[in-house]
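Please read the structure below before turning to the comments.
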Amino acid sequence: MSVSGLPPYDPQNIFARILRGEIPCKAVLDTEHALAFHDISPLTPTHILVIPKGEWVSAADFHAGAEPAAIAGFWRAVARIGQPLEAGGYRILSNMGPDAGQEVPHFHVHVFGGQPLGPMLKRG
Ligand code: AMP
């Protein structure tokens, strides 16, 4: 069980396999602590995923268990991806668990940009 009550980390999840180089990705940034790559099914002109390199299911897991340097390195990578989009504006989003529709059980942040993004969520 992860600290948040989600199932334990599955080392066969698709992002774990990308990190191990078993399946390809279109990488845009690869640092000691994070990998950023294009989403395979982009929802906006820019749709990039940023993942930490450790085995974390959720934000709770990651922030409870990862070394401070890994946490800082991850968020610096997110900021580096967002920086070129900042003038036009962009959004970061992370899905955790079933109500959020998390498909891949490896903590990740989506970076959306390149067009007006509309309201944060639809009401109801
Ligand atoms: P989430 O619903 O937050 O777990 O989002 C998972 C995201 O991973 C979705 O936007 C998928 O399109 C994306 N995705 C799934 N498989 C791949 C892959 N092999 N390469 C890049 N993105 C992927």
Side-chain angles (χ1 to χ4, degrees):
M1 195 73 88
S2 72
V3 295
S4 51
L6 293 170
Y9 189 81
D10 171 10
Q12 292 310 319
N13 81 73
I14 197 108
F15 293 170
R17 298 187 63 204
I18 286 175
L19 281 173
R20 290 196 296 268
E22 294 169 7
I23 55 173
C25 72
K26 286 167 122 181
V28 291
L29 179 65
D30 188 357
T31 72
E32 182 182 355
H33 297 298
L35 177 67
F37 51 96
H38 289 280
D39 195 291
I40 203 166
S41 182
L43 295 170
T44 51
T46 300
H47 182 176
I48 293 170
L49 300 168
V50 189
I51 67 175
K53 292 198 166 171
E55 297 190 343
W56 312 108
V57 175
S58 71
D61 268 352
F62 177 57
H63 294 90
E67 294 295 327
I71 295 171
F74 171 74
W75 288 110
R76 284 202 181 101
V78 173
R80 279 177 66 184
I81 295 300
Q83 192 271 332
L85 299 165
E86 226 165 64
Y90 71 102
R91 181 172 291 159
I92 64 174
L93 177 148
S94 186
N95 294 313
M96 249 72 64
D99 279 358
Q102 183 179 5
E103 292 171 19
V104 181
H106 180 115
F107 174 56
H108 56 280
V109 165
H110 297 253
V111 179
F112 297 108
Q115 67 176 44
L117 296 169
M120 191 163 54
L121 285 175
K122 285 188 184 149
R123 290 193 189 278

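We count ligands from 1, going down the list as the structure has it; atoms in each ligand are counted the same way. Heads up: numbering here begins at 1 and tracks the sequence.
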Taking it one step at a time, do His47 and His38 satisfy side chain to side chain donor-acceptor pair (under 3.5 Å)?
-> CA-CA 6 Å; His47 182 176; His38 289 280; over 6 Å; no
Arg91 CZ: over 12 foreign heavy atoms closer than 6.0 Å = yes
Identify the closest protein heavy atom to atom 15 (C) of ligand 1: which residue and atom is it, and at what distance?
-> Ile40 CG2, 4.1 Å
Hey, is Asp30 close enough to Lys53 for a salt bridge, meaning N to O under 4.0 Å?
-> yes
Contact region, Phe15 to ligand 1, non-hydrogen atoms below 4.0 Å, reads side chain
For Val104, does its backbone N or O pair with a side-chain atom of Gln102 as donor and acceptor, under 3.5 Å?
-> yes
Per-atom contacts, ligand 1 versus Leu49 - under 4.0 Å to a heavy atom = 8 (O), 13 (C), 22 (N)
Which one of Asp39, Asn95, Ile18, Leu93 has a non-hydrogen atom at the shortest distance from atom 7 (C) of ligand 1?
-> Asp39
Does CD belonging to Glu32 count more than 12 external heavy atoms closer than 6.0 Å?
-> no
Tell me which part of Leu43 gets within contact of ligand 1: side chain, backbone, both or neither, using heavy atoms under 4.0 Å.
-> neither
Is Val104 close to ligand 1, meaning an N/O of one under 3.5 Å from an N/O of the other?
-> yes
Polar atom proximity, Gln102 to ligand 1 (N or O, under 3.5 Å) = no
Side chain or backbone of His110 under 4.0 Å from ligand 1, or both, or neither, by non-hydrogen atoms?
-> side chain
For Ser58 against Leu6, the heavy-atom pair lying closest together | CB-CD1, 3.8 Å
So is there a nitrogen or oxygen of Glu103 less than 3.5 Å from a nitrogen or oxygen in ligand 1?
-> yes
Closest by any non-hydrogen atom to atom 3 (O) of ligand 1: pick that one out of His108, His106, Arg17, Lys26.
-> His108
Look at the aromatic rings of Phe107 and Phe74 and report parallel, tilted or perpendicular, splitting at 30° and 60°.
-> tilted
Have a look at Pro42, Ser41, Pro105, Gly101 and point out the one with the heavy atom closest to atom 2 (O) of ligand 1.
-> Gly101
